[in-house]
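Hydrogens, waters and symmetry mates play no part in the numbers below; they use all other heavy atoms, side chains included.
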Amino acid sequence: MLTRLCLVSFGDRDEWYAEAHLAILTALGRIPPPCEVVVATDRPERYRWFGDRVRIELLTPERIEEWSGPQRFVWRVVLKAIAEIACQTPAANFLYLDVDTLVRRPLDDLLDLLQSGTVFLDKKESALSRRGGDHRDLWKQVRGRSFLGFPIDERTEMWNSGVVGLGAANVHLAEKSLALCDAMTAAGVRNRLVEQLAQSIVLRSTGQLREAAPWIDHYWGNKGGYDAAVHAQLATILVRAMSIEDTIEYVRENPIRGPLRVKPRWWQRYWRRS
């Protein structure tokens, strides 16, 4: 069956598009055919190098505003794009990747699991009630409440949503996640993690949620370390004038490795404020 791979990128920061190129290339080297790559973006020219290997879902300013919803919640744009693209025809298994991901293992067995009904998020973090910072603020807003029939209590888990995997029979869960996100924001919940919580709740409710982390690295916690390697690989690809097929092979044979999360030193926080 067709696999539909989805990424979302909008805005001006060059590193997001560099990361997205490596995410796509590592995926193309690990996904068995047939595969379709769809990128929702307001900068289609940034993906011109891929030619017809990438299909663009254009995010116009009007579309971004509409998809952010009445609360102008930027992360709703990403969730709306996931829901729109996952449910497109023809029916397909669906895999969403944040731009700061790298596929490091063949995905054949993951796709087999998708077809058997397993759903994936990047990885389990913890119970929402046990986290600090923004998680604690979110917990205070939703504790003991119910949205669309989903109760939120001490057992409610937060999963990282940097990877989302849905079999063709389960793509409706993306729309269900969007509906839950909208229900929470309409009820006055204000937090950057609402979209993540909505997907965690809906996908976990299936009883078949697993971590995608064994197949896919999500380096959000060490972008500085990985971005240097990403730019080095893109520079090599550029100066060697590689074709896409040669680039896919090069990236597959030269995987970027490193710790996925690095705790900042106290003095680094000081210099960032200076």
* Does Thr26 offer a backbone N or O that forms a donor-acceptor pair with the side chain of Arg104 under 3.5 Å? -> no
* Asked: So, Glu66 and Lys80, do they make that salt bridge, N to O below 4.0 Å?
  -> no
* Is there a chain of hydrophobic side chains (I, L, V, M, F, W, Y, each step under 4.5 Å between heavy atoms) that links Ile216 to Val78? -> no
* If two hydrophobic side chains count as joined below 4.5 Å and joins carry through other members, does Leu111 share a cluster with Leu113? -> yes
* Thr41 side chain vs Arg43 backbone, donor-acceptor pair below 3.5 Å -> yes
* Go through the steps to decide whether Glu125 and Arg130 satisfy the test salt bridge (Lys or Arg N to Asp or Glu O under 4.0 Å), and finish with yes or no. => CA-CA 10 Å; Glu125 295 180 344; Arg130 297 177 185 171; over 6 Å; no
* Asked: Heavy-atom distance under 4.5 Å between the side chains of Tyr250 and Arg240, does that happen here?
  -> yes
* Please say whether more than 12 non-hydrogen atoms of neighbouring residues, nucleotides or ligands are located less than 6.0 Å from CZ in Arg257. => yes
* Answer yes when Glu245 and Arg53 have at least one side-chain N-carboxylate O distance shorter than 4.0 Å, and no when they do not. => yes
* With rounding to the nearest 0.5 Å, note down the distance linking OG1 in Thr101 to CG in Leu7. => 6.5 Å
* On the 0 to 90° scale, with breaks at 30° and 60°, tag the Phe50-His21 ring pair as parallel, tilted or perpendicular. => tilted
* **Same apolar cluster (I L V M F W Y, side chains within < 4.5 Å links), Val194/Trp75** => yes
* In this structure, which one of Ile31, Leu97, Leu5, Val251 forms a side chain to side chain contact (heavy atoms under 4.5 Å, CB included) with Val103? -> Leu97
* Structure fact -> For Pro90 and Leu2, the nearest pair of non-hydrogen atoms, with its separation, is CG-CD2, 4.0 Å
* **Under 3.5 Å donor-acceptor, Arg145 side chain and Gln141 backbone** => yes
* Under a 4.0 Å N-O cut-off, is there an ion pair linking Asp182 with Arg76? -> yes
* Going only through I, L, V, M, F, W and Y residues with side-chain contacts under 4.5 Å, is there a path from Leu25 to Tyr219? -> yes
* Structure fact -> Between the CZ atom in Arg204 and the CZ atom in Arg155, the distance rounded to the nearest 0.5 Å is 8.5 Å
* Connected-component partners of Trp220 among ILVMFWY, side-chain separation under 4.5 Å -> none
* Do Glu157 and Trp159 have a side chain donor and acceptor closer than 3.5 Å? -> yes
* May I ask you to decide whether Lys124 forms a salt bridge with Glu211, counting only side-chain N to carboxylate O separations under 4.0 Å? => no
* Heavy-atom side-chain proximity of Ile24 to Val39 below 4.5 angstrom -> yes
* In Å and rounded to the nearest 0.5 Å, what is the CG to CD1 distance from Leu28 to Ile248? -> 4.5 Å
* Asked: Any side-chain heavy-atom pair from Asp98 and Val8 closer than 4.5 angstrom?
  -> no
* For Ser161 and Tyr96, does a side-chain donor sit closer than 3.5 Å to a side-chain acceptor? -> no
* Asked: For the rings on Trp215 and Phe120, is their centre-to-centre separation under 6.0 Å?
  -> yes
* Write down the atom of Leu58, the atom of Arg63, and the distance for their closest heavy-atom approach. => O-NH1, 2.9 Å
* Asp14 bridged to Arg46 by N-O distance under 4.0 Å -> yes
* Within a strict 4.5 Å, meaning less than it, do heavy atoms of the Tyr226 and Glu19 side chains meet? -> no
* Would you indicate whether the side-chain heavy atoms of Arg55 and Arg4 approach each other to under 4.5 Å? => yes
* Decide yes or no for Thr60 and Ile64: does some side-chain heavy atom of the first lie under 4.5 Å from some side-chain heavy atom of the second? => no
* Do we see a donor-acceptor contact under 3.5 Å between the side chains of Glu195 and Gln199? -> yes
* **Step-by-step side-chain hydrogen bond (donor to acceptor under 3.5 Å, both in side chains) determination, Gln115 to Asn93** => CA-CA 7 Å; Gln115 293 209 175; Asn93 294 321; 3.1 Å; yes
* Exam field: side chain Asp153 to backbone Gly144, donor-acceptor pair closer than 3.5 Å -> no
* Test Val163 against Leu121 for side chain to side chain contact (heavy atoms under 4.5 Å, CB included), laying out the working first. => CA-CA 5 Å; Val163 178; Leu121 289 172; over 6 Å; no
* To do: List the steps and the verdict of side chain to side chain contact (heavy atoms under 4.5 Å, CB included) for Glu36 and Val38.
  => CA-CA 6 Å; Glu36 175 188 45; Val38 184; 3.9 Å; yes
* To do: State, to 0.1 Å, how close Ala174 and Ala83 come at their nearest heavy-atom pair, and which atoms those are.
  => CB-CA, 3.8 Å
* For the side chain of Thr118 and the backbone of Leu114, is there at least one donor-acceptor N/O pair under 3.5 Å apart? -> no
* Asked: Would you say Asp42's side chain and Pro61's backbone share a donor-acceptor pair under 3.5 angstrom?
  -> no
* Asked: Can you check whether Thr206 reaches Leu173 side chain to side chain, under 4.5 Å on heavy atoms?
  -> yes
* When rounded to the nearest 0.5 angstrom, what distance separates OG in Ser177 from CG in Leu166? -> 7.5 Å
* With side chain to side chain contact (heavy atoms under 4.5 Å, CB included) as the test, would you mind laying out the steps for Leu197 and Thr156 before giving the verdict? => CA-CA 9 Å; Leu197 178 61; Thr156 300; 3.9 Å; yes
* Phe73 to Cys181 - nearest heavy-atom pair and separation -> CE2-SG, 3.9 Å
* Taking all non-hydrogen atoms of both residues into account, name the closest pair between Gly162 and Asp122 and its distance. => N-CB, 4.0 Å
* To do: Run the numbers on Gln88 and Phe94 for side chain to side chain contact (heavy atoms under 4.5 Å, CB included), then give the verdict.
  => CA-CA 10 Å; Gln88 289 177 348; Phe94 176 80; over 6 Å; no
* Rounded to the nearest 0.5 Å, what separation is found between the CG atom of Leu95 and the CG atom of Leu107? -> 6.5 Å
* Verify the distance criterion only: is there a donor paired with an acceptor across the side chains of Asn160 and Gln196 at less than 3.5 Å? => no
* Please round to the nearest 0.5 Å and tell me the distance separating atom OG1 of Thr185 and atom CZ of Phe147. => 9.5 Å
* Determine yes or no for a side-chain-to-main-chain donor-acceptor pair under 3.5 angstrom, with Gln233 supplying the side chain and Asn254 the backbone. => yes
* Kindly give the heavy-atom pair with the smallest separation between Gly11 and Tyr17, and that separation in Å. => O-OH, 2.6 Å
* Before giving the answer on salt bridge (Lys or Arg N to Asp or Glu O under 4.0 Å), spell out for Arg72 and Glu65 the whole-Å C-alpha distance, their side-chain angles and the decisive distance to 0.1 Å. => CA-CA 7 Å; Arg72 296 296 182 262; Glu65 182 177 0; 3.1 Å; yes
* Can you name the salt bridge (charged side-chain N to carboxylate O under 4.0 Å, His left out) partners of Asp134, sequence neighbours left out? -> Arg192
* Asked: Hey, quick one: are Ile152 and Leu79 part of the same hydrophobic cluster, counting side-chain heavy atoms closer than 4.5 Å, chains of contacts allowed?
  -> no
* Close side-chain approach of Asn222 and Pro259, heavy atoms under 4.5 Å -> yes
